[in-house]
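Single-structure report; data block below.
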There are 2 protein chains.
Amino acid sequence: MANRGQSRKTLLRALREVFEAKGFDGTTLTQLAESTGLGKASLYHHFPGGKGEMAAVLLRGSVAELEQLAFARLAGRLPPRQRLENFIDGFSDYVSGGEGNCLVAVLSDGSSGSEHRELIAQQFHEWIRRLAATFEDAGAKPKRAERLANDLLAGLYGHLLTARLVGEPGQFKKHLKNMKKRLPG
Amino acid sequence: MANRGQSRKTLLRALREVFEAKGFDGTTLTQLAESTGLGKASLYHHFPGGKGEMAAVLLRGSVAELEQLAFARLAGRLPPRQRLENFIDGFSDYVSGGEGNCLVAVLSDGSSGSEHRELIAQQFHEWIRRLAATFEDAGAKPKRAERLANDLLAGLYGHLLTARLVGEPGQFKKHLKNMKKRLPG
DNA sequence: GTCTATACACCGATAGAC
DNA sequence: GTCTATCGGTGTATAGAC
């Protein structure tokens, strides 16, 4: 359907769109072939491990992208409150303002998940730790900071889901705006 | 594997466990047969429409159960704050304290979702409306009540997901406790 | 690196005996 | 109502030409 044999980056983006929309079990090689413009056999040239390897590569790429777009912005010398706002904006970009989804969450369940579950758990623990540290910078005591970190992350993923459930993914951005308003610091 | 030919309720519960854990696309008739203790052909006696009909019946059952266990408790003459706490407890029961999942959310994506998306959207709109009404009973102005309703629902689904992502589904209950503490009213 | 053709397992679903 | 047996289709994956 698109993206006639181009760079690997373009290839990965086409594959990701399918996995993100259909999940691991719902994605077929035929769909991946159509999305990339390649034949099924050609996909095995790029990913000898087949569907599983594609998902694994995409998962690592998504973790890196979420790190870069969102969590990396928790660092720096800006006021904590602004770092948290930048983080939220980065997360919004990562999920295309609510129109897309988080591949890390998508691939965590289904037939694929079990292989990656430990990696994902470790990564989220680290991310929550860094979120909590930022809330501490903003003046919260450790226990409260940890709660705020968990609530913020749950709010992001929750609004991403519920906005889709009610059929209005665009509402995600509106809810993020409200979340930013109520940040401490 | 279990539940040798018993009541329809038992049958539905076995089917639900599989769909809840594996999603629609990840669930196979072989798994459903094993879970119920029936042969594949026997499942078609109970559900002539096959896998799709099973999912549709289970979806309606889950909507009814979520209504009964959680949202119904928003009504009554108790103080709004206590109604909201009861609602949260009911939601926790519905998802087995974080160990289970919400089948309505699970079936909303994947190859099954498109058929039920409109029903689900309508149902969630009504539920959010009733949540918002309860927050208004607790003294919140309409716009704030609507925001609190959305935030509460997103918090529930978000914590349900993130607790699983970090590999500690039991943490869900802890987060709910904190959410209850911060309710208005 | 891409293709066509194909292997082979498993999918959802059905036929028909009991 | 349950079973065994089987169907047609599709899934993932491979062989081998170009």
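On a predicted model such as this, the values are computed, not experimentally measured, just so you know. Quick note on labels: first sequence line is chain A, next is B, and so on, each numbered from 1.
Dashed line: the shortest gap from a side-chain N or O of Ser42(B) to OP1 or OP2 of dC3(D) is under 4.0 Å. Regarding contacts with the backbone of dC3(D), every side-chain N or O of His45(B) stays at 4.0 angstrom or more from both OP1 and OP2.
Counting to the nearest Å, the C1' atom of dT2(D) and the CZ atom of Phe47(B) are 15 Å from each other. Distance Lys22(A) NZ to dT10(D) P: 15 Å, rounded to the nearest Å. Atom CD of Gln31(B) and atom P of dC10(C) are 12 Å apart (whole Å). Distance, Glu53(A) CD to dT14(D) C1': 15 Å, rounded to whole Å. Distance CE (Met54(A)) to C1' (dA13(D)): 10 Å, rounded to an integer number of Å.
Remark: Asp93(B) pairs with no residue by the salt bridge (charged side-chain N to carboxylate O under 4.0 Å, His left out) rule, at least two apart or across chains. Applying the salt bridge (charged side-chain N to carboxylate O under 4.0 Å, His left out) criterion to Glu85(A), with sequence neighbours excluded, gives Arg81(A). With sequence neighbours excluded, no residue forms a salt bridge (charged side-chain N to carboxylate O under 4.0 Å, His left out) with Asp25(A).
Among all heavy-atom pairs drawn from Phe91(B) and Ala70(B), the shortest one is N-CB, 3.7 Å.
Applying the ring pair (Phe, Tyr, Trp, His ring centres under 6.0 Å) test to residues at least two apart or on different chains, none of the pairs has a partner in residues 94-113 of chain B. Listed by first and then second residue, the side-chain hydrogen bond (donor to acceptor under 3.5 Å, both in side chains) pairs that reach into residues 55-70 of chain A are Arg16(A)-Glu65(A), Glu67(A)-Trp127(A), Glu67(A)-Arg130(A), sequence neighbours excluded.
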Expected rows: protein N/O vs nucleotides 12-15 of chain C N/O, under 3.5 Å:
residue, atom, partner, partner atom, Å
dG12(C), OP1, Thr27(B), O, 3.1
dG12(C), OP1, Lys51(B), NZ, 2.9
dG12(C), OP2, Leu29(B), N, 2.6
dA13(C), OP2, Tyr44(B), OH, 2.6
dA13(C), OP2, Lys51(B), N, 3.1
dA13(C), O5', Tyr44(B), OH, 2.8

